[in-house]
Amino acid sequence: MSPTRIRHLHARRVWDSRGRPTVEAELTLHDGSVGRAIVPAGASTGSREALELRDGGAAFGGLDVQRAVQHVNTEIAAALCGVDASDQGALDQCLIELDGTPHKTRLGANATLAVSMAAAHAAAASAGLPLYRHLVGDAAARRIETSPLHASIVPAAADAASRQPRGPATLPMPQIQIFGGGAHAGRRVDIQDFMVLCPAAACFAQALEWTAEVYRAAGQVMQRRGRLLGVADEGGWWPDFDTNEQALETLVEAIEAAGFIPGEQVAIALDVAASEFGRNGRYRLGLESREFDSDGLIEMLLRWIESYPIVSIEDPLAEDDLAGFVRFTQAAGRSLQIVGDDLLVSSAALVREAAAAGAANCVLLKPNQRGTLTETLQAWQAARELGYAGIVSARSGETEDTTIVHLAIGWNVGQLKVGSFARGERMAKWNEALRIEERLGHCARFAGAAAFGRCSA
Ligand code: PGA
Ligand code: ZN
């Protein structure tokens with residue numbers, strides 16, 4: 001029996017950062033290696049995402065996940081027992097076929113993704129590698145012997161391997177939220193994420209240092225105005241503003257107050273999440289009681305790009321407005337990163353469709369939008385072939401799970417978005433990336449501004 005075959009699989013209900021139930025899977029291989037992973041949950045979800053299976057009924061607002069947990073503990077465990085966890089593609093194919101539906105509506109993408117990620121962790125542990133290095137598939141890094149004694153040498157081997165860099169790896173440019181909004185802040189403002197990134201930072205650690213200063217300065221500005229009211233779902237300051245644009249002005253003020261040159265050292269990224277306030281080509285900014293058609297919204301965003309140091313905009317238009325996306329991309333895509341989240345839902349097929357139409361130049365990658373690591377990777381591979389950039393992203397409902405940090409590095413995606421610079425479920429991810437950068441030492445590369453998506457002329 002191969003040492004990386006699955007011996008035992010178990011799921012349990014755990015709780016996410018909004019106090020809602022979610023699925024954790026734990027998987028043991030024949031050599032004793034263990035992998036564990038927890039799935040996150042979105043609030044501003046795209047309609048074409050794979051299904052997050054919830055129980056309905058009275059308990060926890062209908063959000064319990066006992067059915068998804070049971071699917072892992074019965075049907076999935078039975079099907080995967082004896083399957084080789086080191087062949088992620090074949091394992092994920094088993095999950096896809098077992099479910100048998102295009103959007104995981106039978107077993108639930110929360111059930112399948114928990115297992116898919118736990119398997120990757122177990123396989124990495126068995127190889128004695130940190131997950132990101134296992135994902136690289138670096139043959140030289142896979143040389144730790146498997147033997148009958150393997151189970152007992154795994155912890156020592158893993159420790160040794162994780163401290164020994166084996167060739168360069170690229171740390172992602174972080175996109176970090178300063179003000180939350182939209183569905184993550186009771187729709188206090190319409191725009192969902194006001195974020196910063198640090199194009200002039202020399203390394204990942206420095207990007208975090210600069211962001212920490214900006215985050216603090218933004219809190220001080222809000223306090224001075226008597227508008228410091230806590231934080232939103234992803235840890236960004238609560239957006240107590242009179243207009244959406246006021247958040248942009250305040251962000252520039254915070255960047256300057258922190259001692260940085262806006263645009264040069266620290267720039268702005270937005271997630272408009274326009275599907276939350278628009279459909280059928282009509283958009284309504286509730287805060288300002290203003291209505292637009294697609295061209296009106298595009299005009300407003302183009303004016304913002306002129307007036308503020310914005311380098312990236314996610315979901316500038318709604319998921320049903322491909323034509324609007326195309327027009328916006330034609331108008332701004334050569335100098336602006338235009339990210340498809342609800343538009344692309346981490347789907348290789350939708351990335352190809354968007355590329356054929358000329359919409360967006362960057363894909364957001366959220367594994368729970370698809371339900372397996374392999375399908376998420378396929379979206380990234382399709383994007384890369386088509387000249388798109390990528391961003392690995394957390395969800396607004398998160399946990400201490402740090403798998404996505406390893407995906408961003410192991411798949412060499414170049415950018416990572418996990419929310420703000422506060423709250424443990426966010427900091428767990430930033431801190432994991434810091435550890436990896438430190439261990440890599442001189443082998444650590446930083447993606448920098450070269451990771452941003454741009455349309456070619
Ligand atoms: P969500 O938000 O997890 O609530 O979907 C994150 C995003 O839109 O990028
Ligand atoms: Zn988004």
Side-chain angles (χ1 to χ4, degrees), residues 16-20 22 38-52 54 63 109-110 113 172 174-197 231-236 239 268-278 301 310 312-321 325 328 337-347 350-351 354 359-371 376 379 389-399 401 403-404 407-408 413 415-420 423 425-426 429 453:
D16 75 10
S17 55
R18 284 191 276 244
R20 295 176 183 173
T22 189
I38 312 177
V39 295
S44 67
T45 49
S47 64
R48 287 169 290 195
E49 294 190 18
L51 179 81
E52 186 178 85
R54 301 284 188 179
L63 296 174
N110 40 356
L113 182 66
Q175 271 199 8
I176 307 183
Q177 187 194 70
I178 304 299
F179 298 108
H184 305 156
R187 301 182 199 283
R188 180 62 188 76
V189 298
D190 303 282
I191 306 301
Q192 182 180 285
D193 288 298
F194 296 88
M195 300 174 284
V196 292
L197 24 77
V231 300
D233 274 12
E234 297 190 6
I268 295 177
L270 299 179
D271 182 359
V272 174
S275 309
E276 291 291 311
F277 59 84
L301 294 175
I310 297 170
S312 178
I313 300 189
E314 182 177 326
D315 286 347
L317 294 130
E319 62 184 3
D320 67 355
D321 195 354
F325 250 99
F328 185 63
Q337 173 166 273
I338 300 170
V339 187
D341 173 12
D342 291 349
L343 180 77
L344 303 175
V345 291
S346 308
S347 152
L350 291 178
V351 167
N361 56 29
C362 179
V363 61
L364 201 76
L365 299 164
K366 293 167 163 170
N368 82 324
Q369 289 180 326
R370 292 274 56 84
T376 314
I391 306 172
V392 174
S393 172
R395 301 305 308 241
S396 48
E398 270 292 337
T399 68
D401 188 284
T403 307
I404 55 166
L407 301 184
V413 178
Q415 299 179 81
L416 177 64
K417 173 189 174 195
V418 312
S420 193
R423 299 182 52 140
E425 78 279 4
R426 313 291 150 187
K429 275 95 167 157

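Heavy-atom basis, side chains included; hydrogens, waters and symmetry copies ignored. Just follow the structure's listing: the first ligand is 1, and inside any ligand the first atom is 1.
Under a 4.0 Å N-O distance rule, the pair Arg423/Glu398 does not qualify as a salt bridge. We find that Asp271 and Lys417 are joined by a salt bridge, their nearest charged nitrogen and carboxylate oxygen being less than 4.0 Å apart. A salt bridge does not link Asp342 to Arg48: none of the charged side-chain nitrogens sits closer than 4.0 Å to a carboxylate oxygen.
Contact annotation: the side chain of Phe325 approaches that of Leu317 to within less than 4.5 Å [non-hydrogen atoms, C-beta and beyond]. Between Gln369 and Asp341, the closest side-chain pair of non-hydrogen atoms falls below 4.5 Å. Between Pro40 and Asp16, the closest side-chain pair of non-hydrogen atoms is not below 4.5 Å. Side-chain contact between Leu365 and Ile391 is absent, with no heavy-atom pair separated by less than 4.5 Å.
The Zn ion (ligand 2) lies under 2.8 Å from an N, O or S atom belonging to Asp341.
The angle that Asp271 OD2 and Glu314 OE2 make at the Zn ion (ligand 2), rounded to 10°, works out to 90°.
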Could you list each N/O atom of ligand 1 together with any protein N/O atom closer than 3.5 Å, one pair per line with the distance?
{"from": "ligand 1", "atom 1": "2 (O)", "to": "His184", "atom 2": "NE2", "distance (Å)": "3.3"}
{"from": "ligand 1", "atom 1": "3 (O)", "to": "Arg395", "atom 2": "NE", "distance (Å)": "2.9"}
{"from": "ligand 1", "atom 1": "3 (O)", "to": "Ser396", "atom 2": "N", "distance (Å)": "2.7"}
{"from": "ligand 1", "atom 1": "3 (O)", "to": "Ser396", "atom 2": "OG", "distance (Å)": "3.4"}
{"from": "ligand 1", "atom 1": "4 (O)", "to": "Ala43", "atom 2": "N", "distance (Å)": "2.6"}
{"from": "ligand 1", "atom 1": "4 (O)", "to": "Ser44", "atom 2": "N", "distance (Å)": "2.9"}
{"from": "ligand 1", "atom 1": "4 (O)", "to": "His184", "atom 2": "NE2", "distance (Å)": "2.8"}
{"from": "ligand 1", "atom 1": "4 (O)", "to": "Ser396", "atom 2": "OG", "distance (Å)": "2.6"}
{"from": "ligand 1", "atom 1": "5 (O)", "to": "Ser44", "atom 2": "O", "distance (Å)": "3.1"}
{"from": "ligand 1", "atom 1": "5 (O)", "to": "Ser44", "atom 2": "OG", "distance (Å)": "3.2"}
{"from": "ligand 1", "atom 1": "5 (O)", "to": "Lys366", "atom 2": "NZ", "distance (Å)": "3.3"}
{"from": "ligand 1", "atom 1": "5 (O)", "to": "Arg395", "atom 2": "NH2", "distance (Å)": "2.7"}
{"from": "ligand 1", "atom 1": "8 (O)", "to": "Ser44", "atom 2": "OG", "distance (Å)": "3.4"}
{"from": "ligand 1", "atom 1": "8 (O)", "to": "Gln192", "atom 2": "NE2", "distance (Å)": "2.9"}
{"from": "ligand 1", "atom 1": "8 (O)", "to": "Asp271", "atom 2": "OD2", "distance (Å)": "3.2"}
{"from": "ligand 1", "atom 1": "8 (O)", "to": "Asp341", "atom 2": "OD2", "distance (Å)": "3.1"}
{"from": "ligand 1", "atom 1": "8 (O)", "to": "Lys366", "atom 2": "NZ", "distance (Å)": "3.4"}
{"from": "ligand 1", "atom 1": "9 (O)", "to": "Asp271", "atom 2": "OD2", "distance (Å)": "3.2"}
{"from": "ligand 1", "atom 1": "9 (O)", "to": "Glu314", "atom 2": "OE2", "distance (Å)": "3.1"}
{"from": "ligand 1", "atom 1": "9 (O)", "to": "Asp341", "atom 2": "OD2", "distance (Å)": "3.2"}
{"from": "ligand 1", "atom 1": "9 (O)", "to": "Lys366", "atom 2": "NZ", "distance (Å)": "3.2"}
{"from": "ligand 1", "atom 1": "9 (O)", "to": "Lys417", "atom 2": "NZ", "distance (Å)": "2.7"}

